[in-house]
Amino acid sequence: MSEQPETPNEHELIAERKAKLARFREAGIEPFPHEFAGVVQSEAVRENHQGLEPGTETNVTYRVAGRLAGRRGHGKAAFLDVVDRSGKMQVHARADLLGEESFELLTSLDLGDLVGIDGDAFVTKRGELSLAASGWTLLAKSLRPPPDKHHGLADVETRYRHRELDLIANEAARDLFILRSKVIALVRRWLDDRGFIEVETPVLQPIYGGALARPFTTHHNALDREFYLRIATELYLKRLIVGGLEKVYELGKDFRNEGISHKHNPEFTMIEWYEAYADYNKVMDDVESLVSWLADEIGYAGDLNFSAPWPRIPLSDAIREQTGLDILELRDREALATAMVEKGFHHEPPTDSWPQLVDELLSKHVEPKLKHPTFITDYPVELSPFAKGHRSKPGLVERFEVFAEGMEFGNAFSELNDPEVQRERFEEQARFAAEGDEETQPFDEAFLQALEHGMPPTGGLGIGIDRLVMLLSGRHGIREVVLFPAMRD
RNA sequence: GGGUCCUUAGCUCAACUGGUAGAGCAUCGGGCUUUUAACCCGACGGACAGGGUUCGAGUCCCUGAGGACCCA
């Protein structure tokens with residue numbers, strides 16, 4: 001699909017554009033100039049002339065630039081639509097103002113060409129703020145036909161594979177990715193304002209860690225050894241807490257070698273933060289504070305209720321409410337598996353481990369029901385190798401995940417800082433791996449040594465930025481909110 | 001990994017049970033000095049790839065590619 005050879009018709013359309021390119025050169029016009037100084041955004045023009053009556057003319061001259069998106073010819077005059085990042089600006093081209101030759105060349109531009117316009121602002125009879133062109137500059141010739149000027153680009157495959165076309169054709173796509181950028185900037189501002197510092201830890205890691213997932217592997221030639229693309233930043237960030245940086249965050253890409261789905265892309269953007277002397281309750285306060293603030297700042301108008309406080313439900317309660325099963329009573333594999341068969345969840349007793357069964361109950365029976373933002377708290381220790389044991393509930397850890405729209409978008413703990421317990425957790429993970437679990441946590445001696453120097457009590461969190469943007473923008477697939485999502489070749 | 005569905009012109013979409021593949025936009029030619037999915041006249045242009053069944057396949061069958069949705 002992506003690199004098909006040109007069809008005959010497409011070739012003709014391109015040939016016509018190339019011929020036009022040659023014509024411009026013959027007319028002494030450079031089709032690919034080096035710069036175009038003094039451009040203002042169309043939005044600024046609109047802001048300066050709000051509320052003018054139809055028919056009003058001004059002598060205020062502007063220079064705008066953008067892509068030619070529409071043309072309505074009227075003989076010796078024409079209306080052109082020029083689109084920049086902030087929106088559309090209509091241009092009125094008149095042969096009597098521009099001169100015959102300049103007018104003919106301007107109106108012979110192809111849709112999709114990049115053009116700069118100088119002109120005075122005025123308002124048409126129909127009330128549209130426009131520029132009366134007094135001059136124009138070809139800024140770059142487009143050699144391929146753009147998507148439909150009215151319907152935009154609808155084919156989702158093309159929108160993902162050629163995002164530039166999506167951005168050219170669909171204002172909603174432009175708005176979405178501007179929104180995404182804003183969300184990321186706001187997250188940084190929120191943390192910066194609270195004394196966090198942004199840090200950068202290795203993407204290429206000799207041992208991967210911090211999550212239960214399969215990594216991508218790569219090879220360093222000079223060192224002649226394998227490296228992993230990080231699946232999380234957690235362990236390095238906690239080493240920085242050991243080092244006394246107290247409040248740190250990192251916002252960047254993680255990589256997980258797993259399936260692709262509407263909520264999984266193999267590379268995705270994560271923010272993790274760690275705060276010394278905090279626990280998971282503090283982190284919950286912060287998450288609902290941050291996200292409800294984000295929703296306000298971007299003017300969220302969907303049907304999710306982001307207002308704090310959000311419900312905080314222990315995992316065992318949530319599972320009991322949805323399934324009638326008490327995982328705290330059914331504490332061994334056989335008992336839980338039998339009960340799940342009795343409930344009709346399986347025809348045959350499942351062979352999964354106890355934590356896998358709990359995870360299944362959570363993901364199949366609880367997660368889909370959580371529409372509005374909700375914290376699920378206090379997980380079994382087996383599922384959480386880096387979380388500290390619960391201060392009052394044996395067998396559980398102080399961990400929460402946060403959900404909305406039936407999707408997890410954040411995960412946090414009171415961080416485990418007892419190096420001896422952490423060592424036991426790694427050993428347990430090694431046993432799971434030996435039993436065939438492919439998503440286990442490899443033993444990280446450097447991290448353990450860091451803990452042995454002493455890490456203060458710490459609250460830590462990871463939030464999936466892509467998923468957060470999905471929630472805040474009302475999109476239902478991660479590919480919608482990632483500029484260039486992973487696709488098959 | 002399993003199931004269902006989709007792929008028609010540069011773009012957006014049509015075509016009853018198998019019977020010569022259509023429209024709008026774009027493009028090209030002509031007309032038009034306040035239109036905005038401008039308008040009017042004319043023209044160009046096409047079946048995801050490869051097989052098969054059939055007198056005849058966009059339509060039925062098989063294989064492959066890509067995508068969407070659901071399940072695991």
Side-chain angles (χ1 to χ4, degrees), chain A residues 1-20 23 52-57 68-83 87-100 103-104 106-113 119-133 142-162 165-166 168-171 258-264 345-348 350-352 356 359-360 363-364 368 406 476-480 485-489:
Chain A
M1 165 78 208
S2 56
E3 305 305 331
Q4 297 287 316
E6 287 167 17
T7 63
N9 188 40
E10 186 177 25
H11 182 79
E12 277 177 31
L13 293 169
I14 292 170
E16 272 157 8
R17 284 168 177 255
K18 287 183 176 173
K20 212 171 275 186
R23 248 178 282 147
L52 286 187
E53 291 297 312
T56 308
E57 297 187 0
L68 183 61
R71 185 198 312 107
R72 295 171 292 282
H74 295 266
K76 295 297 177 192
F79 288 97
L80 307 176
D81 295 330
V82 174
V83 171
K88 184 186 86 174
M89 176 56 60
Q90 178 170 265
V91 174
H92 195 210
R94 295 169 46 167
D96 56 356
L97 286 182
L98 287 163
E100 287 279 341
F103 174 80
E104 290 301 328
L106 174 57
T107 54
S108 74
L109 288 175
D110 288 311
L111 296 188
D113 286 351
D120 289 355
F122 75 105
V123 180
T124 66
K125 285 180 191 168
R126 299 290 179 90
E128 176 151 353
L129 181 66
S130 307
L131 294 182
S142 163
L143 297 179
R144 284 179 178 273
D148 186 277
K149 68 178 181 180
H150 179 246
H151 296 96
L153 182 64
D155 180 72
V156 292
E157 190 175 349
T158 309
R159 289 182 45 230
Y160 298 159
R161 289 187 188 277
H162 298 280
L165 298 182
D166 189 27
I168 286 172
N170 299 322
E171 190 176 3
E258 301 169 336
I260 292 173
S261 82
H262 66 102
K263 49 185 181 182
H264 295 89
F345 298 155
H346 291 273
H347 297 299
E348 312 242 329
T351 57
D352 294 337
Q356 285 171 323
D359 195 43
E360 176 188 328
S363 58
K364 286 176 73 171
H476 295 287
I478 195 167
R479 285 177 164 183
E480 288 285 335
M487 303 286 280
R488 256 178 237 274
D489 283 334

Under-4.0 Å side-chain N/O to phosphate OP1/OP2 contact, A/Lys364 with B/C71: no

Euclidean distance for P, B/C55 against B/A49 (whole angstrom): 25 Å

CZ/A/Arg72: more than 12 non-hydrogen atoms of other groups inside 6.0 Å: yes

Interatomic distance, A/Arg159 CZ vs B/G10 P [rounded to whole Å]: 21 Å

Residues forming a salt bridge (Lys or Arg N to Asp or Glu O under 4.0 Å) with A/Asp113, sequence neighbours excluded: A/Lys141

Side chains of A/Glu360 and A/His346, donor plus acceptor under 3.5 Å: yes

B/U53 and B/U59, which share atom name P, separated by this distance in whole Å: 15 Å

Watson-Crick/G-U partner (both atom distances under 3.5 Å) of B/A21: none

Nearest-nucleotide comparison on RNA chain B, the residue closer to the 5′ end among A/Ser261 and A/Ala93: A/Ala93

Per-nucleotide protein contact string for nucleotides 21-26 of chain B (B base, S sugar-phosphate only, - none; heavy atom under 4.0 Å): ---BBS

A/Phe103 CZ to B/U33 P, straight-line distance once rounded to whole Å: 9 Å

Gap between atom CG of A/Asp120 and atom CZ of A/Phe122 - 0.5 Å precision: 9.5 Å

C1' spacing across the pair B/G45 / B/A23, given as an integer number of angstrom: 14 Å

Candidates B/U12, B/U33, B/G67 - which lies nearest the side chain of A/Val156: B/G67

C1' atoms of B/C16 and B/G1, separation to the nearest Å: 39 Å

Touch class at under 4.0 angstrom, heavy-atom based, for A/Asp81 against every strand present: nothing

Close side-chain approach of A/His11 and A/Ile14, heavy atoms under 4.5 Å: no

Between B/U7 and B/G30 - P atom distance, rounded Å: 39 Å

Nucleotide forming a Watson-Crick or wobble pair with B/A57, both distances under 3.5 Å: none

Whole-Å distance separating the NE2 atom of A/His11 from the C1' atom of B/C28: 16 Å

Sugar-phosphate only, base, or nothing, as touched by A/Gly73 at under 4.0 Å among non-hydrogen atoms: base

Whole-angstrom distance between B/A9 and B/A26, as gauged at atom C1': 11 Å

Whole-Å distance separating the CD1 atom of A/Ile260 from the C1' atom of B/C70: 17 Å

Base paired to B/A15 (Watson-Crick or G-U; both N/O distances under 3.5 angstrom): none

Who pairs with B/U35 - Watson-Crick or G-U, where each distance is under 3.5 Å: none

A/Lys88 NZ - B/U36 P separation (whole Å): 11 Å

Distance in angstrom units between A/Phe122 CZ and B/U34 P, rounded: 11 Å

Under 3.5 Å on both distances, the Watson-Crick or G-U partner of B/C5: B/G67

Pair A/Asp96-A/Lys76, salt bridge (Lys or Arg N to Asp or Glu O under 4.0 Å): steps then yes or no: CA-CA 8 Å; A/Asp96 56 356; A/Lys76 295 297 177 192; over 6 Å; no

Whole angstrom value for the distance that separates P of B/C11 from CD of A/Glu10: 7 Å

Check: B/U35 base within 3.5 Å donor-acceptor of A/Gln90 side chain: yes

Single hit among A/Arg479, A/Arg159, A/Arg161 for salt bridge (Lys or Arg N to Asp or Glu O under 4.0 Å) with A/Asp166: A/Arg159

Euclidean distance for P, B/C13 against B/C71 (whole angstrom): 26 Å

Nucleotide of B/U12, B/A38, B/U34 approaching A/Arg72 most closely (side-chain heavy atoms): B/A38

Per A/Arg94 side chain, nearest of listed nucleotides B/U34, B/U36, B/C11: B/U34

Salt-bridge criterion met for A/Lys88 and A/Glu171 (N-O under 4.0 Å): no

C1' gap between B/C48 and B/G58, integer Å: 12 Å

Touch class at under 4.0 angstrom, heavy-atom based, for A/Ile14 against every strand present: nothing

N/O (side chain, A/Arg126) to phosphate O (OP1/OP2, B/U34) under 4.0 Å: no

Upstream residue (5' side of RNA chain B) when A/Arg488 and A/Ala78 are each assigned their closest nucleotide: A/Ala78

A/Phe79 CZ to B/U33 C1', straight-line distance once rounded to whole Å: 8 Å

B/C28: pairing nucleotide in any strand, Watson-Crick or G-U under 3.5 angstrom: B/G42

Derivation and outcome, side-chain contact (heavy atoms from CB on, under 4.5 Å), residues A/Thr124 and A/Ser130: CA-CA 7 Å; A/Thr124 66; A/Ser130 307; 3.5 Å; yes

side-chain hydrogen bond (donor to acceptor under 3.5 Å, both in side chains) evaluation trace for A/Thr107 with A/Arg71: CA-CA 8 Å; A/Thr107 54; A/Arg71 185 198 312 107; over 6 Å; no

